[in-house]
Amino acid sequence: MTLHIVGDGLAGLLLARHLSEDGHEVKIYGNGQTNTPPVGLVHLFAGRSFRRSELELETFAEAIRYWRSEPLAQELPVKRKLSSGDRLDRSLEEAELPQEWAPRRLGAGWVEYSPGFSIATQVLERRLRDELISSYRQGSCDWRKLPGVRILALGHQAPTLWPEFPWDLSKGRTVEALSGPPLETLVIGRGVHRAPFPGKGGTVILGGRSSPTGPPPEDELEIATDLTQTSHRGFSTWSGHRCAVPDHRPILGWLDPQTFVFLGFGSRALFWLPYCVKATRQSLKGAEVHPLLDWSRLNGKL
């Protein structure tokens with residue numbers, strides 16, 4: 001069966017690779033303009049709570065299996081900054097979690113948990129493009145006219161599908177910075193995170209407070225220094241935006257017998273993609289999408 005994947009960002013390319021491995025003929029449509037940051041992080045506790053649903057725990061188990069087998073992913077423990085009595089701190093006592101993933105208090109406003117991953121996402125995307133070059137149909141297309149099965153992996157162009165929907169188009173910023181000793185943990189702060197750049201050396205500061213390109217503001221580097229007691233010198237930046245829905249879960253499922261949607265991953269794409277790629281492969285064989293991910297959960301809002 002020929003599958004037409006509309007969208008050539010990291011999500012579409014990763015899905016295309018696995019569908020090709022399943023024996024499908026895959027054609028990819030896109031303009032090659034990436035919105036993928038240089039480095040992305042995977043850990044269980046994004047956001048301001050340690051509570052996690054059964055779906056998130058299942059998804060994280062799939063992410064661990066997947067990223068441990070990827071050479072461009074570096075596995076590290078995570079240190080997380082919190083303030084005594086805040087919402088994040090209170091949720092730690094209420095969360096029911098598998099023991100091996102549960103955060104451990106380190107004292108003085110820090111917890112530690114594992115595993116976490118730092119992933120060289122742009123390098124991974126370039127590698128996938130090279131692997132799939134024979135499947136490319138560069139340029140725009142009217143997906144409604146494509147024959148057979150169309151998979152819409154539209155990334156930050158998802159609002160063109162449902163323009164009236166209240167999309168969360170959050171901005172993101174990454175600063176590559178030189179630092180001292182190699183970082184041995186992912187460090188998660190409020191507003192600024194710090195991670196090693198897999199295979200490259202130096203560090204990457206993610207989630208910066210402003211979006212313009214150019215030299216990083218001094219406060220970003222100062223916050224990162226305060227997190228790890230290591231000084232930094234910024235040397236390059238990336239900025240972009242991530243497209244998500246208000247419940248911060250991806251959108252999967254059949255719009256009609258020919259059209260499958262695979263989008264809305266937002267800033268947690270690397271967390272969700274291994275599970276969602278697997279779910280999509282199963283859906284093409286007739287399995288149902290998890291109701292918390294199926295696009296029909298949003299039907300009343302579209």
W67 and P274: which non-hydrogen atoms are nearest, and at how many Å?
NE1-CG, 3.7 Å
Going by atom types alone, do S239 and R173 pair a side-chain donor with an acceptor below 3.5 Å?
no
I'd like to know if the side chain of E56 reaches the main chain of S53, judged simply by a donor and an acceptor atom lying under 3.5 Å from each other, with no hydrogens or angles considered.
yes
Name all residues meeting the ring pair (Phe, Tyr, Trp, His ring centres under 6.0 Å) criterion together with Y275; count only those two or more places apart in sequence or in a different chain, and write none if there are none.
none
Sub-3.5 Å donor-acceptor pair from the side chain of H4 to the main-chain atoms of P147, do we have one?
yes
Could you tell me if the side chain of T174 sits less than 4.5 Å from the side chain of V39, heavy atoms only?
no
Heavy-atom pair of closest approach, residues Q258 and L146
NE2-O, 4.3 Å
Atom pair NE2/CG of H43 and L270 - distance to nearest 0.5 Å:
11.0 Å
Does S283 reach the main-chain N or O of V289 with its side chain, forming a donor-acceptor pair under 3.5 Å?
no
I'd like to know if the side chain of R129 and the backbone of D8 have a donor-acceptor N/O pair within less than 3.5 Å.
yes
Taking the side chain as every heavy atom from C-beta outward, state whether E125 and L128 have any atom pair closer than 4.5 Å.
no
Spacing of T280 atom OG1 and L273 atom CG [to the nearest 0.5 Å]
9.5 Å
Distance in Å, W143 CH2 paired with T160 OG1, rounded so as to fall on 0.5 Å steps:
9.0 Å
Do D86 and R48 touch side chain to side chain, with heavy atoms closer than 4.5 Å?
yes
Can you tell me how the ring of W162 sits relative to the ring of W167, calling it parallel under 30°, perpendicular over 60° and tilted otherwise?
parallel
Using 0.5 Å steps for rounding, measure from the CG atom of L10 to the CG atom of L15.
11.0 Å
Test item: L186 and P196 side chains (from C-beta on) under 4.5 Å apart, heavy atoms
yes
Test your reading of the model: is there a side-chain donor-acceptor pair from R297 to the backbone of L292, 3.5 Å cut-off?
yes
Roughly how far, to the nearest 0.5 Å, is the CD1 atom of I5 from the CD1 atom of I151?
5.0 Å
What's the verdict on side-chain contact (heavy atoms from CB on, under 4.5 Å) for L82 and F50, showing C-alpha distance, side-chain angles and the deciding distance?
CA-CA 11 Å; L82 48 73; F50 289 113; 4.0 Å; yes
Using a 4.5 Å cut-off on heavy atoms from C-beta on, say whether the side chain of F117 contacts that of L41.
no
Take F265 and R242 through the side-chain contact (heavy atoms from CB on, under 4.5 Å) test and state the conclusion after the steps.
CA-CA 8 Å; F265 292 96; R242 291 84 175 224; over 6 Å; no
Quick check against the 3.5 Å criterion: does H24 have a side-chain atom that pairs as donor or acceptor with the backbone of S20?
no
Do any N or O atoms from the side chain of S135 and from the backbone of V26 form a donor-acceptor pair under 3.5 angstrom?
yes
Distance alone, cut at 3.5 Å: any donor-acceptor contact between the side chains of E25 and T2?
yes
Does V78 offer a backbone N or O that forms a donor-acceptor pair with the side chain of E112 under 3.5 Å?
no
If you apply the rule side-chain contact (heavy atoms from CB on, under 4.5 Å), what do you find for L88 with F45, and how did you get there?
CA-CA 10 Å; L88 183 64; F45 303 109; over 6 Å; no
So, for G85 and R90, which heavy atoms are closest and what is the spacing to 0.1 Å?
O-NH1, 2.7 Å
Just by modelled atom types, is the P37 backbone N or O under 3.5 Å from a matching donor or acceptor in the T121 side chain?
yes
Report yes if the side chains of L169 and P159 come closer than 4.5 Å at any heavy-atom pair, otherwise no.
yes
Among all residues two or more places apart in sequence or in another chain, which pass the side-chain contact (heavy atoms from CB on, under 4.5 Å) test with R65?
A61, E62
Close side-chain approach of L19 to L284, heavy-atom, < 4.5 Å
yes
Angle between ring planes, F271 versus F60, binned at 30° and 60°: parallel, tilted or perpendicular?
parallel
Test of understanding: with side-chain contact (heavy atoms from CB on, under 4.5 Å), list the residues that count as partners of L57, not counting sequence neighbours.
L44, R52, L97, P98, W101
Can you check side-chain contact (heavy atoms from CB on, under 4.5 Å) on W238 and E176, steps first, answer last?
CA-CA 8 Å; W238 170 93; E176 291 184 41; over 6 Å; no
In the structure I gave you, are the side-chain heavy atoms of R127 and R17 within less than 4.5 Å of one another anywhere?
yes
Between R105 and D89, is there a salt bridge with N-O shorter than 4.0 Å?
yes
Taking every non-hydrogen atom, the tightest pair across N35 and G240
OD1-CA, 3.8 Å
Output the distance between atom CG (L3) and atom CD1 (I28), rounded to the nearest 0.5 Å.
11.0 Å
